[in-house]
Amino acid sequence: MTRIAHVDLDAMFAAVEQRDKVSLRGRPVIVGGVAGRGVVSTASYEARRFGARSAMPTAEARRRCPPGTAFLSPRFAAYRKTSEVVMALLAEVSPLVEQVSIDEAYLDLAAAGHHDLSVPGVTALAEQIRAAIAEATGGVTASIGVGSSKLVAKIGSDLHKPDGLTVAAPGEEQALLRPLPVTRLPGVGPATAERLRRATVHTIGDLARVDLADLIDWFGQAHGSGLFRLARADDTRPVVGEREAKSVSAEETFDVDLTDRARLNAEIDLLATRVGGRLRSGGLSARTITIKVRHHDFTTITRSATRAQPTDDPRLVAQFARRLLAEVDTSAGIRLLGVGATTLADFVQDDLFGTQTPTDDQPAAGDILAGVGPGGGAPGGVRPGEARSGEVGPGEAQSGGVEPGEARSGGIGPGEVGSSEVGPGDAVAGQPSPEPVQPSRPESASGGWRPGQDVHHDAHGAGWVWGSGRGRVTVRFEGPSTPPGPVHTFAVDDPALRPADPPDWRVVASVS
DNA sequence: TCTGGGGTCCTAGGACCC
DNA sequence: TCTGGGGTCCTAGGACCC
């Protein structure tokens with residue numbers, strides 16, 4: 001049954017620019033990064049004639065394209081608006097639309113219940129959709145593929161681009177795929193194509209003759225069996241509507257490689273602010289913070305740490321990212337920095353982790369948190385409390401003198417003074433912050449683990465441990481910026497004490 | 001002027017728990 | 001108190017997509 005359609009806007013970014021600016025029509029247009037290290041997002045079909053392609057360095061596209069070619073920075077707001085017009089239109093065709101990207105979507109035509117799903121029926125419907133898109137967008141064209149599966153629909157939409165339509169009749173699928181190069185299959189990128197080439201597998205027909213065991217051997221279970229099935233046009237993936245975001249990230253490639261630590265930290269703060277802001281606007285919070293570092297030679301590493309509790313606070317994201325970066329050798333030059341947030345929790349957490357005073361916090365059942373500032377090597381200012389108290393930013397309202405065993409969080413202990421690279425007030429240097437970051441207030445380091453009470457982490461560059469249950473726990477902290485501290489023993493309700501997230505800390509804990 | 005930015009999914013090893 | 005297997009979580013990296 002020809003029930004699935006794939007709708008793909010043709011060179012959308014460039015098409016929107018040509019629509020909005022008459023002088024660009026008929027001319028080669030490149031949309032993408034126009035600075036030194038930029039790459040092409042979209043090349044208009046006029047520009048493709050000269051060899052310009054998506055993902056090509058813009059410098060290369062400049063070499064290839066003639067004088068008079070327009071090189072434009074993307075205007076995402078305009079593209080988003082056009083995308084919304086198209087998606088709204090598609091939603092009228094079927095209740096089941098899967099938007100894949102800003103310019104692409106699958107439709108399950110059967111979900112509407114009233115469409116004629118014969119080949120002539122879907123052909124007429126697809127032409128109607130194409131005409132409606134062109135009209136509603138002011139001339140941005142779409143190519144559509146229709147077939148029995150996502151695979152066939154997707155390949156079909158590509159087959160007669162731009163402004164084209166392909167309908168694959170039931171039973172024709174394999175014949176359609178057989179002569180095509182394997183690179184047309186979704187999931188076959190440069191690495192897979194190269195491995196297949198070494199096995200003299202060039203077309204999808206070639207691929208269909210390879211043993212499943214070989215494919216799994218070469219590509220692993222998931223990818224191998226996936227290729228096996230796709231080569232046979234065996235694709236039962238459903239069209240799915242809304243999907244939840246799994247990560248939020250921001251990254252930046254610098255015009256010139258950076259080595260200066262202060263500058264790198266400032267960039268981290270910028271990125272963290274973007275990530276935190278998007279978490280907040282999406283009503284999300286994250287437990288895992290990841291940084292990405294691309295070195296001068298393009299080698300790329302990631303470092304991540306998972307927190308005991310989720311956060312959406314840009315300052316906390318920045319602190320974690322800075323601590324992760326502190327363990328990376330940046331002396332040879334950094335080309336790109338990124339900050340990401342994963343393990344997303346889907347709840348609004350203002351009440352839990354907001355920047356309100358920590359005294360509103362309630363303990364998390366069973367959580368034991370033990371923290372210390374690296375400043376003195378001795379655990380300082382640990383107060384009764386729970387996970388949330390650690391989310392308090394530096395210098396925020398502090399409440400001392402809370403008695404052991406009380407549920408109220410005591411806020412920040414003295415331990416955080418000087419305990420991270422984040423100086424007072426610069427946690428999000430130069431960035432708008434929902435809360436002013438005030439200088440940390442130094443306190444005496446007379447604090448320590450207080451036996452018999454719940455303890456929690458501090459907020460600023462400090463480590464903590466948490467657990468639940470019963471027993472006595474011995475804890476010692478050490479880290480690059482902190483010599484091994486004395487051993488502290490205190491009672492908790494659970495021997496299951498575990499180190500949490502401080503990447504530059506080693507929390508050594510044992511239970512007796 | 002070699003190689004963006006925002007994502008998803010998979011693999012593999014180690015820790016940890018039962 | 002010799003050995004092991006399964007499941008889950010965490011981390012790091014890689015391939016791929018638009």
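Quick note on labels: first sequence line is chain A, next is B, and so on, each numbered from 1.
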So which nucleotide from [options] ends up closest to the side chain of [X]?
| X | options | answer |
| --- | --- | --- |
| A:S249 | B:dG7, C:dC18, C:dA15 | B:dG7 |
| A:R294 | B:dG4, B:dG6, C:dA15 | B:dG4 |
| A:E251 | B:dG6, C:dA15, B:dT1 | B:dG6 |

Roughly how many Å is it from [atom1] in [X] to [atom2] in [N], rounded to a whole number?
| X | N | atom1 | atom2 | answer |
| --- | --- | --- | --- | --- |
| A:L227 | C:dC16 | CG | P | 9 Å |
| A:R274 | B:dG7 | CZ | C1' | 15 Å |
| A:I102 | B:dG7 | CD1 | P | 12 Å |
| A:W218 | C:dG14 | CH2 | P | 23 Å |
| A:L270 | B:dG5 | CG | C1' | 15 Å |
| A:R53 | B:dC2 | CZ | C1' | 18 Å |
| A:E194 | C:dA15 | CD | P | 12 Å |
| A:E252 | B:dT3 | CD | C1' | 16 Å |

How is [X] classified with respect to the nucleic acid when contacts are heavy atoms under 4.0 Å: base, sugar-phosphate, or nothing?
| X | answer |
| --- | --- |
| A:E104 | sugar-phosphate |
| A:G36 | base |
| A:L185 | sugar-phosphate |
| A:D103 | sugar-phosphate |
| A:T192 | sugar-phosphate |
| A:A250 | sugar-phosphate |

Salt-bridged, [X] to [Y], with N to O below 4.0 Å?
| X | Y | value |
| --- | --- | --- |
| A:D269 | A:R315 | no |
| A:D297 | A:R335 | no |
| A:E251 | A:K292 | yes |
| A:E84 | A:R80 | no |
| A:E60 | A:R64 | yes |

Worksheet item: Rounded to the nearest 0.5 Å, how far apart are CD1 of A:I216 and CZ of A:F228?
Response: 8.5 Å
Practice prompt. Might you work through the side-chain contact (heavy atoms from CB on, under 4.5 Å) test for A:T58 and A:F71, ending with a clear yes or no?
Written response: CA-CA 8 Å; A:T58 302; A:F71 290 86; 3.8 Å; yes
Discussion item. On DNA chain B, compare the nucleotides closest to A:A59 and A:L336; which residue's is nearer the 5' end?
Written reply: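 Here A:A59 is the residue nearer the 5' end.
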Discussion item. If I pick the C1' atom on C:dC18 and the same atom on B:dT1, what distance separates them, to the nearest angstrom?
Written reply: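 So the two C1' atoms sit 25 Å from each other.
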Worksheet item: When rounded to the nearest Å, what value does the distance between C1' atoms of B:dT3 and C:dA15 take?
Response: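 Roughly 16 Å separates the two C1' atoms.
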Worksheet entry | Test side-chain contact (heavy atoms from CB on, under 4.5 Å) applied to A:I133 and A:V7, A:V85, A:T82, A:V140, the passing residue |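 Checked A:V7, A:V85, A:T82, A:V140 against A:I133; only one passes side-chain contact (heavy atoms from CB on, under 4.5 Å): A:V7.
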Discussion item. If the cut-off is 4.0 Å, is A:R63 near the phosphate of B:dC2, judged by side-chain N/O to OP1 or OP2?
Written reply: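 Looking at the OP1 and OP2 atoms of B:dC2, neither is under 4.0 Å from any side-chain N or O of A:R63.
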Worksheet item: Does A:K154 have a side-chain nitrogen or oxygen under 4.0 Å from the phosphate oxygens OP1 or OP2 of C:dC18?
Response: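 Indeed, a polar side-chain atom of A:K154 lies that close.
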Between [X] and [Y], is any side-chain donor less than 3.5 angstrom from a side-chain acceptor?
| X | Y | answer |
| --- | --- | --- |
| A:E173 | A:S148 | yes |
| A:T253 | A:R37 | no |
| A:D10 | A:S143 | yes |
| A:Y79 | A:E17 | yes |

Worksheet item: Reading nucleotides 8-13 of chain B 5' to 3', which nucleotides get B (base under 4.0 Å from a protein heavy atom), which S (sugar-phosphate only), which -?
Response: SSSS--
Worksheet entry | Heavy-atom closest pair, residues A:I289 and A:A321 | CG2-N, 4.3 Å
Worksheet item: Does anything in residues 39-51 of chain A reach DNA chain B, meaning a heavy atom under 4.0 Å, and if so which residues?
Response: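 By residue number: A:V39, A:S41.
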Worksheet item: Paired stems touching DNA chain B, three or more consecutive Watson-Crick or G-U pairs with both distances under 3.5 Å?
Response: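 Listed by first number, the stems are B:5-18 with C:5-18.
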Practice prompt. Mind telling me if B:dT1 is syn or anti? Syn here is a glycosidic angle within 90° of 0.
Written response: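 Syn.
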